[in-house]
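First comes the structure, then the notes that go with it.
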Amino acid sequence: MPELPEVETVKNYLSEKILNKKVINTKVLNAKLRWPINSKGIRGIKGQTIQKVTRRGKYILLQFNDSILTIVIHLGMTGIVSFKEVGKYKKQKHDHLLLYFDKFLLIYNDVRKFGSIHITKKLSNMFLLKNLGPEPTSASFNIEYLINISSKRKCSVKELIMNQKIVVGIGNIYATEALFLSKIHPGTFANEVTKSQYKKLIKNIQLVLSRAISMGGSTIKDFVNAEGKPGYFSQELLVYQKKYCPIHKKNLISNIKISGRSSFFCNKCQTL
DNA sequence: CGAAAAACCTGGCAGC
DNA sequence: TGCTGCCAGGTTTTTC
């Protein structure tokens, strides 16, 4: 489900709600996720206060006052974080984890179980985080970096920018939109994209992500933020799951599979 | 080795 | 009403 703008939206609300709050109790209702939840480890945060709520790529990080402890959350495709007043909570299908605070509890629900929750003592060594590429808005995600790394790859440019080891946060929606804005065919070999195209692509990735964040992300089907509200950037999408090109009005949007993922593009705007 | 396909899951929808 | 097949904001693991 969620890419960087959706995760950022969830993280921001989470921060508003639980920063500096103490975890009174924890409950693992269903440990089965992408990896099993370490129930014993989670119990260890009882009595601890949340000192920091941050994001790295598509991961949400909750850091505790025992500063070595961090909960690492990935929402997978269908992970949803929500809150309920204590006493009004009723277990729902696919609820996995509860964190009780003073007057409310946090609920992690995940229909497809592709998400994950880890508790770690050494964040810098955490296996899911240590090989991640730069944030797309950081200075290290620049033209020299992208030219250098793409020259060694023969995958498509779409696969390149969706590879979290190369740059984090970009998934199927925003890769599709950024490539359209940059007039680059998604199937172009990464090492055949020109320098000026890559310059545009960097700019458009940053543009589309920041605009999406400002609108609370995109809801195609399931996504809701931690307040239960959808993201409004869906209305701004230009090609993802669209029928016609917004520029060549009568031209049908093409949909091809690139490494198993639907890839939408306009064959007049984006030529190979 | 790298690239492609399968795997992990559930639910909704189209078509017969 | 079923049943079948396909689809979905992701990522790891297996296979070729």
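Residue numbers start from 1 in every chain, and the chains themselves are labelled A, B, ... in the order their sequence lines are given, proteins ahead of strands.
Note on Q164(A): a side-chain N or O is less than 4.0 Å away from OP1 or OP2 of dT11(C). For the pair H74(A) and dG10(C), the criterion of a side-chain N or O lying under 4.0 Å from OP1 or OP2 is not met. For the OP1/OP2 pair of dT11(C) and a distance below 4.0 Å, the side-chain nitrogens and oxygens of K58(A) include at least one atom meeting the criterion.
To the nearest angstrom, C1' of dG10(C) lies 9 Å from CD of E3(A). One atom, OH of Y59(A), and another, P of dT11(C), lie 6 Å apart when rounded to the nearest Å. The interatomic distance linking K221(A) (NZ) with dG10(C) (C1') rounds to 15 Å, in whole Å. The separation between L129(A) atom CG and dT12(C) atom P is 11 Å, rounded to whole Å. For the pair D110(A) CG and dC8(B) P, the computed distance is 16 Å after rounding to whole Å. Across the protein-nucleic acid pair, R261(A) atom CZ and dA6(B) atom P stand 16 Å apart, rounded to whole Å. Residue K158(A) contributes atom NZ, which lies 9 Å from atom P of dG10(C) at whole-angstrom precision.
Side chain to side chain, D110(A) and T78(A) meet the donor-acceptor criterion of an N or O pair below 3.5 Å.
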Task: Secondary structure of DNA chain C in dot-bracket form (Watson-Crick or G-U wobble, distances below 3.5 Å, | marking inter-strand pairs) - done: .|||||||.|||||||
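Looking at heavy-atom distances under 4.0 Å, K257(A) makes contact with sugar-phosphate atoms alone, never a base.
The side-chain hydrogen bond (donor to acceptor under 3.5 Å, both in side chains) test with N172(A) singles out one residue from E177(A), K158(A), E3(A), and that residue is K158(A).
Of the candidate nucleotides dC9(B), dT12(C), dT11(C), dT12(C) has the atom nearest to the side chain of W35(A). Among dG10(C), dG11(B), dA8(C), the nucleotide with an atom closest to any side-chain atom of Q241(A) is dA8(C). Ranking dG11(B), dA4(B), dA8(C) by closeness to the R112(A) side chain, first place goes to dA8(C). Picking from dC9(B), dA8(C), dT11(C) the nucleotide with the shortest atom distance to the side chain of Y240(A) gives dA8(C).
Toward the 5' end of DNA chain B, the nearer of the two residues H94(A) and R34(A), judged by each one's closest nucleotide, is R34(A).
Taking atom C1' in both dA3(B) and dA8(C), one finds a spacing of 24 Å when rounded to whole Å.
For K58(A) and E6(A), the salt-bridge test fails: no basic side-chain N is under 4.0 Å from an acidic carboxylate O.
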